[in-house]
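For reference, the structure is listed below as structure tokens.
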Amino acid sequence: MPERLTEMLMDTWTPLIILWITVLPSIFMAPMNQSQVLPSGSSTGLKRLTEEQRVLNRSKRGWVWNQMFVLEEFSGPEPILVGRLHTDLDPGSSKIKYILSGDGAGTIFVINDKTGDIHAMKRLDREEKAEYTLTAQAVDRDTNKPLEPPSEFIIKVQDINDNAPEFVDGPYHATVPEMSVVGTFVTKVTATDADDPVYGNSAKLVYSILEGQPYFSIEPHTAIIKTALPNMDREAKEEYFVVIQAKDMGGHMGGLSGTTTVTITLTDVNDNPPKFAQSMYHFSVMEDVALGEPIGRVKANDLDIGENAKSSYDIIEGDGMDIFEITTDAQTQDGIIRVRKPLDFETKKSYTLKVEAANIHIDPRFISGGPFKDTATVKIVVEDADEPPVFSSPTYLLEVHENAAINSVIGQVTAHDPDVSSSPIRFSIDRHTDLERQFNINAEDGKITLATPLDRETNMWHNITIVATETRNHSQVSRVPVAIKVLDVNDNAPEFASEHEAFLCENGKPGQVIQIVSAVDKDDPKNGHYFLYSLLPEMVNNPNFTIKKNEGCRAPDRQIPSLLRPKPEVIHQVFIRLDRPT
């Protein structure tokens, strides 16, 4: 035991111990039969007990013992007298021998076999062993024959306050929401005391706060910690270090104490709105920026943390609500502004937006402290980019007659530089689309001319690509498709579809059809073909044969879905009829 505790116990308990040793055994160990325990004390007390023994003498012999007590942690220059065994069979002539057996007999407890005095030879600790069970017997000293049956009794170690309270689960950590009302439960601590909880107040504990006031309080007997101040703000102070004391002896002077620490952390609630770091943001963006590309970030700071700090961003006003959009970066909680429609410096050079940041999760308890949102103005300046030339039309369709003269102009394309600098444009033909080099273009004005003769019956459509290039920056190039349709002229004579050879029987009848002939024409007039059939001049006056057009046998033109249409086959049939018998 530490020196300080020893001195304190000696000063406090020595008078009480002497009184206890002298008086208490006389009270608690009243004789119950002829054999008994006599407590340590004066000879007068012993004589008094002897007289009482004589008065209470019974004919039946036997041992019936009450408990003996010995004070724990007591030590002195001499062994401690615990009590005395005595039987009325002992006339005082030393013929009786007392024997002790059981727990600690001979080591911890030693009996004087003549007087029956029992002494404790060692300092005892109730927390190690609270009681000892022993057996007493009186025998004849000369013959060792039992004079009475053995009897069992108990020596109890009497507790003293020699153990301080301990917090076996400490140090503690606890949390409580910020802005909690007074009396909100935080946590509960528990201390234990190894002293006897039944005897005295050695294990009666009272709790108090040594550090942590005035923020927290503790219930003295239940050790429940509660908030003691209202509206504690996590953003002002997040963590509190509280020292709790447990003191025995009911908290009175002289009691032993133990301490533990409780680290109390205030958890966050959504009691703060988002706030933009600045009221005005300025960004610039090139007009040729790709759609969906971010052009800038805005940030609304929130003193809260976690879910309570999350905000959503929206564009609520401005002349670019349909041009720009804003989304939330889930990692940084920034508002990212992106382009959603193409920009044109030459059309509009700047935009002004009003953006709003609003908390996603609102705590109804603090709604009166709102609104939980903030706004800021965003100015966006569009910068000019060197853009490629722009054609006046996304596609061109030109028509030319197949008998057009070489170098004649068949059409024109136009383009301009949309930039403010307005660079001159030069035109050219992508020769991969005009391998036969049938067309040329004027590099300055975009006029397309014919380079080689055309034949509609060979190729009705020509598809070429015209390239426009800025003279100041050859990397700025645009392309446009040009479809050229070759128009028909009547430059082909009709032809018989096949060679014919007719046969006629000699008994042929007048009006009999003897041959049907057909003709085709490679041309394609707008109103269709109309052929005139006749017999050769040398047969015109022959009365035996006539020729007549078959009106119902014209083959219709086929519809051609593509630009490159094949030549139509137009067939006309006629009948050669026998008018007179041969």
Side-chain angles (χ1 to χ4, degrees), residues 288 344 346-347 385-495 520-530 557-570:
D288 60 350
D344 186 8
E346 288 72 29
T347 303
D386 193 1
E387 298 176 272
V390 177
F391 283 95
S392 59
S393 176
T395 61
Y396 290 87
L397 175 62
L398 305 179
E399 292 182 342
V400 57
H401 286 90
E402 60 179 328
N403 62 347
I406 301 300
N407 294 326
S408 61
V409 177
I410 64 174
Q412 184 180 14
V413 296
T414 58
H416 71 282
D417 182 2
D419 300 320
V420 175
S421 59
S422 188
S423 171
I425 306 298
R426 291 186 62 83
F427 299 95
S428 61
I429 297 177
D430 184 350
R431 291 302 177 183
H432 291 91
T433 62
D434 185 26
L435 297 176
E436 297 178 358
R437 293 182 174 268
Q438 288 193 285
F439 305 96
N440 291 324
I441 189 170
N442 188 302
E444 304 297 331
D445 59 15
K447 290 181 178 180
I448 301 171
T449 58
L450 188 61
T452 61
L454 299 174
D455 184 8
R456 188 199 67 83
E457 289 73 36
T458 302
N459 196 348
M460 184 184 299
W461 288 92
H462 297 271
N463 295 304
I464 62 175
T465 298
I466 303 300
V467 180
T469 306
E470 290 185 12
T471 58
R472 295 175 185 171
N473 186 354
H474 292 173
S475 65
Q476 297 299 326
V477 176
S478 296
R479 298 169 179 269
V480 69
V482 178
I484 301 173
K485 181 180 181 181
V486 181
L487 301 179
D488 184 52
V489 296
N490 192 9
D491 59 345
N492 291 278
E495 299 176 356
V520 297
D521 194 322
K522 296 180 180 180
D523 295 320
D524 186 20
K526 291 183 178 180
N527 297 325
H529 289 281
Y530 186 80
D557 295 346
R558 289 180 292 173
Q559 295 181 354
I560 307 302
S562 65
L563 294 178
L564 296 176
R565 290 168 49 182
K567 297 175 292 184
E569 294 182 2
V570 182

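Just so it is clear, the structure is predicted and the values come from calculations on it, not from any experiment.
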Can you see which heavy atom on [X] is nearest to which on [Y], and at what distance?
X	Y	value
Asn442	Glu444	OD1-N, 2.8 Å
Pro389	Ala468	CG-O, 3.8 Å
Glu470	Ser423	CB-OG, 3.7 Å
Ala415	Ile425	O-CG1, 4.0 Å
Phe391	Val413	CE2-CG2, 4.3 Å
Pro453	Gln438	O-NE2, 3.4 Å

[atom1] of [X] to [atom2] of [Y]: how many Å apart, nearest 0.5 Å?
X	Y	atom1	atom2	answer
Ile466	Thr414	CD1	OG1	12.0 Å
Thr469	Arg479	OG1	CZ	8.0 Å
Asp386	Asp417	CG	CG	6.5 Å
Leu398	Ile448	CG	CD1	5.0 Å
Thr433	Ile464	OG1	CD1	6.0 Å
Phe439	Leu450	CZ	CG	6.0 Å

Any sub-3.5 Å donor-acceptor pair from Gln412's side-chain atoms to Asp445's backbone N or O?
yes
Q | Pairwise side-chain contact, Arg456 with Leu487, heavy-atom cut-off 4.5 Å (strictly under) | A | no
Exercise. Check whether any side-chain heavy atom of Lys447 lies under 4.5 Å from a side-chain heavy atom of Ile441, and answer yes or no.
Key: no
### Message
Please evaluate residues Thr452 and Arg437 with respect to the criterion side chain to side chain contact (heavy atoms under 4.5 Å, CB included), reporting the C-alpha separation (whole Å), side-chain torsions for both, the decisive distance (0.1 Å), and the verdict.
### Response
CA-CA 8 Å; Thr452 61; Arg437 293 182 174 268; 6.0 Å; no
query = Any salt bridge between Asp434 and Arg431, counting N to O under 4.0 Å?
reply = yes
Report yes or no: do Asp430 and His432 form a side-chain donor-acceptor pair below 3.5 Å? yes
Report task. Could you walk me through whether Asp488 and Glu402 pass the side chain to side chain contact (heavy atoms under 4.5 Å, CB included) test, one step at a time? Result -> CA-CA 6 Å; Asp488 184 52; Glu402 60 179 328; 2.9 Å; yes
Phe427 meets the ring pair (Phe, Tyr, Trp, His ring centres under 6.0 Å) criterion, sequence neighbours left out, with none
